[in-house]
Amino acid sequence: GRVGMRNQVVENDVEPHPGADAEGGREAQEHRCEGFVGKLFHFPWCDDFAAARNESLRHARGDWLFWMDSDDTISPENGRKLRALVDGEHQENTLGYVLQVHCPGPGREVASDVTAVDHVKLFRNHHGIQFECRIHEQVLMPIRRLGGNVAWTDIFVEHSGADHTIEGRKHKHERDLHLLKLELQDRPNHPFALFNLGMTYGDMGEHEKAVEALERSLQHSQTHESHVPKACALLIHSLSQLGREKDALMQCEESLRHFPNHVELQFRRGVLAHRLGQYDAAVVSFRAALSAVGPREFTSVDNGIAGYKSRHNLALVYRDMQRNDLAEIQWREAIHEAPSFRSAWHGLGHVLVDQGKLETAWVECEKIVDDSPLKAEREILCAEILRRRGQIDEARSLLKQAAEEFEEDVPVWESYARLLFENGAWEDARRALETLTTLDPDNGAALHNLGLVLLNLQERAAAVTALCHSLTLRPENESTRAALKAAQQIDTSSSKDVNAKS
């Protein structure tokens with residue numbers, strides 16, 4: 001699209017859309033473009049986003065060029081800021097401006113749950129500035145080779161059309177891997193391509209491949225390159241997902257020596273220290289994430305980790321340190337920053353109950369209205385308060401109703417199944433746990449409890465199956481191992497009795 005007179009705005013996502021011609025999509029785009037007195041140029045797709053964008057630059061006539069994807073949107077307020085920026089004064093050596101792309105989280109539980117990605121999206125119409133890389137194309141490297149500077153802005157576009165469906169993500173991963181492999185054929189060991197390859201594998205859950213690509217990227221990178229801090233953060237995450245927490249922590253410490261104020265590295269160190277039982281170190285790291293201040297640098301970071309997400313994790317650490325008073329403070333701060341953040345409500349409610357503040361907890365429940373997305377969490381907390389008061393039947397009735405209303409809500413089913421299990425309601429507990437493990441197949445604790453319930457119901461073979469599955473998910477859990485051994489011994493003894501009788 002083209003907007004403005006002296007300065008042209010170029011929007012280009014030229015990857016072909018399946019079925020666009022058959023459905024009249026291209027004709028509709030042409031009519032819309034003509035309606036805005038624009039010009040539409042066609043370019044054959046050649047597995048190269050940079051080549052396609054550079055074709056658009058060839059037709060551009062403005063002094064400054066702005067680009068965004070076809071599934072991005074820009075608000076009127078940000079549009080006005082962009083117009084004012086372009087029409088204003090510029091330092092002679094400023095060749096580009098950094099804007100952010102706000103990528104909303106898939107569930108969007110919290111309105112501010114976005115990952116903010118820095119991009120040079122506005123730059124001078126200069127023959128030496130061309131996009132590079134087949135995918136995740138950028139102009140930063142050409143600007144730097146020209147000796148130019150980039151300046152920072154608070155302008156952002158929103159990646160509002162992202163497809164978070166399983167099929168959509170699968171298509172994106174396949175496309176990205178195809179283009180990245182072509183890129184690496186053209187430029188073997190290119191650090192930015194390897195970084196994007198590692199990021200894609202990590203997003204796919206293939207963390208062994210992610211670690212290999214990210215380590216190669218860092219080996220071929222210079223510390224000052226813009227992708228390096230994020231590559232470190234992604235490497236730490238993948239190492240952690242592989243159960244290599246100590247390796248991840250070592251990588252984190254090394255990375256922080258180079259980037260001491262990097263908020264995501266501080267956050268990840270806090271998570272790792274907490275998992276390893278290093279509570280004091282975790283507190284230091286999460287507080288550093290909350291107060292990190294340093295020079296502006298290129299990032300791709302979840303905005304929540306500089307605020308409510310770090311506060312939530314800090315509260316979890318304080319809870320494990322038996323400092324419920326400090327945990328309560330952090331959860332209240334997290335809710336103040338993100339009022340719809342369910343995890344913080346869950347933490348606050350239960351830490352109040354654990355401190356014996358049942359009336360205060362009940363008051364918090366009353367703040368959540370019936371049409372709130374937090375209603376399911378309210379029912380869980382109210383049931384827990386009733387249980388602590390000894391009103392088991394009332395708690396059970398409330399959770400049963402909640403399970404019927406929120407039939408796919410995992411936390412509701414966890415609370416309902418736990419209450420039934422703890423009170424020996426074996427048949428009902430079995431049904432609840434079977435529902436829970438269907439909704440959440442990787443819930444090792446639920447499978448453990450299901451195994452114990454089945455033992456109480458004398459269904460030993462099914463109990464062994466459930467306990468074995470639980471142990472594959474939590475191989476270090478000694479209580480599951482002991483329960484499985486006991487179930488297998490009982491099963492063996494029963495077989496001997498049958499053989500003796502026969």
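Note that the structure is a prediction, hence the values are computed from the model and not measured.
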Assess whether side-chain contact (heavy atoms from CB on, under 4.5 Å) is satisfied between R474 and H448, documenting all intermediate values. CA-CA 10 Å; R474 306 185 305 171; H448 171 94; 3.5 Å; yes
Checking E394 against R387 for the salt bridge (Lys or Arg N to Asp or Glu O under 4.0 Å) test, could you report, in this order, the C-alpha distance in whole Å, the side-chain angles of both residues, the deciding distance, and whether it holds? CA-CA 8 Å; E394 291 87 342; R387 187 185 75 83; over 6 Å; no
Candidate pair E408 and L439, rule side-chain contact (heavy atoms from CB on, under 4.5 Å), full reasoning: CA-CA 7 Å; E408 294 186 358; L439 293 172; 4.2 Å; yes
Before giving the answer on side-chain contact (heavy atoms from CB on, under 4.5 Å), spell out for R134 and L180 the whole-Å C-alpha distance, their side-chain angles and the decisive distance to 0.1 Å. CA-CA 7 Å; R134 286 179 180 267; L180 286 166; over 6 Å; no
After noting the C-alpha distance and the side-chain angles of N303 and D113, does the key distance pass the side-chain contact (heavy atoms from CB on, under 4.5 Å) rule? CA-CA 7 Å; N303 285 341; D113 184 16; over 6 Å; no
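In this structure, the side chain of Q355 engages the main chain of V351 through a donor-acceptor pair within 3.5 Å. Listed for the S285 side chain is a donor-acceptor partner under 3.5 Å among the backbone atoms of A281. Within the 3.5 Å criterion, the main-chain N or O of L419 finds a donor-acceptor partner in the side chain of N423. Counting only distance, with no hydrogens or angles, the side chain of S240 and the backbone of I236 share no donor-acceptor pair below 3.5 Å. For the pair S470 (side chain) and G444 (backbone), a donor-acceptor distance under 3.5 Å is present. Remark: the backbone N or O of F156 is paired with a side-chain donor or acceptor of N78 at under 3.5 angstrom.
With respect to the salt-bridge test (charged N to carboxylate O, under 4.0 angstrom), the residues D393 and K400 do not qualify. The pair E254-R257 counts as a salt bridge, with a side-chain nitrogen and a carboxylate oxygen less than 4.0 angstrom apart. Electrostatic pairing of K172 and D163 does not count as a salt bridge here, judged by no charged N lying under 4.0 Å from a carboxylate O. The existence of a salt bridge linking E264 and K230 is confirmed by a sub-4.0 Å separation between a basic side-chain nitrogen and an acidic carboxylate oxygen. The pair E359-R389 counts as a salt bridge, with a side-chain nitrogen and a carboxylate oxygen less than 4.0 angstrom apart. The residues D409 and K375 are annotated as not salt-bridged, no charged nitrogen and carboxylate oxygen being separated by less than 4.0 angstrom. Under the 4.0 Å criterion applied to side-chain N and carboxylate O atoms, E212 and K209 are not assigned as salt-bridge partners. Between R481 and E476 there is no salt bridge, since none of the side-chain N atoms of the basic residue sits less than 4.0 Å from a carboxylate O of the acidic one. Ion pairing of R396 with D428 is present here, as a side-chain N (NZ or NE/NH1/NH2) and a carboxylate O approach within less than 4.0 Å.
Between V263 and F267 the shortest side-chain heavy-atom distance does not fall below 4.5 Å. Contact of the H469 side chain with the T465 side chain is not registered, since no non-hydrogen atoms from C-beta on lie closer than 4.5 Å.
Checked by atom type, the side-chain pair N443/E414 shows a donor-acceptor distance below 3.5 Å. Side-chain contact, N313 with S310: no donor N or O sits under 3.5 Å from an acceptor N or O. With no hydrogens or angles considered, a side-chain donor-acceptor pair links Q458 and R460 at under 3.5 Å. When only modelled atom types and interatomic distance are considered, Q266 and R269 share a side-chain donor-acceptor pair under 3.5 Å. Side-chain atoms of R378 and S372 include no donor-acceptor pair closer than 3.5 Å. In this structure, a donor-acceptor pair under 3.5 Å is absent between the side chains of H173 and T200. With 3.5 Å as the limit, one finds no donor-acceptor pair spanning the side chains of T115 and D302. R319 and N324 form no side-chain donor-acceptor contact under 3.5 Å, judged by distance and modelled atom types alone. In summary, the side chains of H102 and Q100 do present a donor paired with an acceptor at a separation below 3.5 Å, with no hydrogens or angles considered. One side chain, H274 or D320, offers a donor N or O that lies under 3.5 Å from an acceptor on the other. Side-chain N/O atoms of D47 and H178 include a donor and acceptor closer than 3.5 Å. Side-chain polar atoms of S255 and Q251 form a donor-acceptor pair below 3.5 angstrom.
Ring geometry, F421 versus W426: the interplanar angle exceeds 60°, so the pair is classed perpendicular (tilted spans 30 to 60°).
Listed by first then second residue, pairs satisfying ring-ring contact (aromatic ring centres under 6.0 Å, His included) with a partner in residues 344-393 read H346-H350, not counting sequence neighbours. Residues in residues 278-291 take part in no salt bridge (charged side-chain N to carboxylate O under 4.0 Å, His left out) pair, two or more places apart or across chains.
Remark: D371 pairs with no residue by the side-chain hydrogen bond (donor to acceptor under 3.5 Å, both in side chains) rule, at least two apart or across chains.
Around the NE2 atom of H336, the shell of radius 6.0 Å holds no more than 12 heavy atoms that belong to other residues, nucleotides or ligands. In this structure, M321 places its CE atom where more than 12 heavy-atom neighbours from other residues, nucleotides or ligands lie under 6.0 Å away.
The CG atom of L450 sits 7.5 Å away from the CZ atom of R430 when rounded to the nearest 0.5 Å. Taken from NZ in K357 to CG in L352, the straight-line distance is 6.0 Å, to the nearest 0.5 Å. Between the CD atom of E297 and the OG atom of S226 there is a distance of 10.0 Å, given to the nearest 0.5 Å. Atom CD1 of I135 is separated from atom CZ of F49 by 5.5 Å, given to the nearest 0.5 angstrom. Between K309 atom NZ and S343 atom OG the span is 9.5 Å, to the nearest 0.5 Å. In this structure, L358 CG and L381 CG are separated by 9.5 Å, a value rounded to the nearest 0.5 Å.
In this structure, the ring of F341 has its center less than 6.0 angstrom from the ring center of H312. When ring centroids are compared, H190 and H220 stay outside the 6.0 Å threshold.
Each of H207, E208, E215 was scored for a side chain to side chain contact (heavy atoms under 4.5 Å, CB included) with S238, with one residue passing: H207.
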